[in-house]
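What follows is a short report on a single structure.
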Amino acid sequence: MISRREFLETVAAAVPALGLQTPPPNEWGTRVFDLHFHLRPQPAANLAHLDGAGVTKANLLTRPAALDQVKALQATAPGRFTWFNSYDVTRPDAEQVLTQAVKEGAQGFGEMKFHVAADGPELRRMYALAADLRVPILIHFQEVDHFPNEGTWATGYARSFEAMLKAYPKTTFIGHADAFWANVSADYRNEAAYPGGPIVRGGVTDKLLGDYPNLFGDLAANSGNNALSRDPSFTADFLQRHQNKLFFGSDCSCSDGRGGGVSQNNNPAASRLAGKCVARETLGVLKRSASPDVFQKLVWGNIHTLLRIPA
Ligand SMILES: [Zn+2]
Ligand SMILES: [Zn+2]
């Protein structure tokens, strides 16, 4: 951890070098918003990824005590960052901490990645709070370890999450990660983190996105990219069908927006994206698979509508 003073000094040093008020033009043919970008300690490292990948704006996923860093980054690059906040949902003060974050400007809860059940009491109170505060909640669903003893996260998605969508109709849910995306295929039974091959139509996620106006999907990470890449004949229809419900996100950890460094946090199960920038890969598959107007909604328009911010 660096101190607040060191951080602000780093910002001051970075500003003249970056000189960023407006992002450089990109190759994607539209402005791009990355919904799923984990805050990096150094301000310049955040901007290096956005600029390298051709991303105009990003939503910072943060933990408590990140407020100073968020404000400094917003001051360095005005208009380029929104932020969500997350906090251990098993702690008794979770509601208090997250309510305070929203008062300080957080525009959502996330990412919520905890070893609890998707329909358990810990997350249920967060679903209720998100509705009260009128902010979306971004959830990491995962049933299969990436490495021994990793554990599972927001478990029971395929079996129990529909009941949550029904029980909390005023909550805006954003689904993400392995179980959410593997369940685009109707034959999925938690065998692999990232299943391949043709998609069997009628999967849980496809159905829930169609049936519930309070469910949205975050296309980030290897999970989202894999679901979009495994069966091109499925992808085009899927994007067309849910064109108002999906958001581009990267969850990329590469250093430069071009695949430098480590792109998937050393996740051994996601080696298909090693050496690649997840943002670039997913923007590429979206651009190839969607019409220009649908692409623009997925990478820019939809999230501005959801967060009620000017595009
Ligand atoms: Zn995640
Ligand atoms: Zn990247």
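Both ligands and their constituent atoms are indexed starting at 1 by order of listing. Treat the numbers as computed from the prediction; the structure is a model and nothing was measured.
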Look at the side chain of [X] and the backbone N and O of [Y], then say whether any donor-acceptor pair between them is shorter than 3.5 Å.
X	Y	answer
R31	G301	no
K57	V32	no
D251	A221	no

Heteroatom N/O/S of E111 within less than 2.8 Å of the Zn ion (ligand 1): yes
Contact check: H140 to the Zn ion (ligand 1), N/O/S below 2.8 Å: yes
Vertex the Zn ion (ligand 2), arms to H49 NE2 and C252 SG, rounded to 10°: 110°
Ring-ring centroid check F173 F161, cutoff 6.0 Å: yes
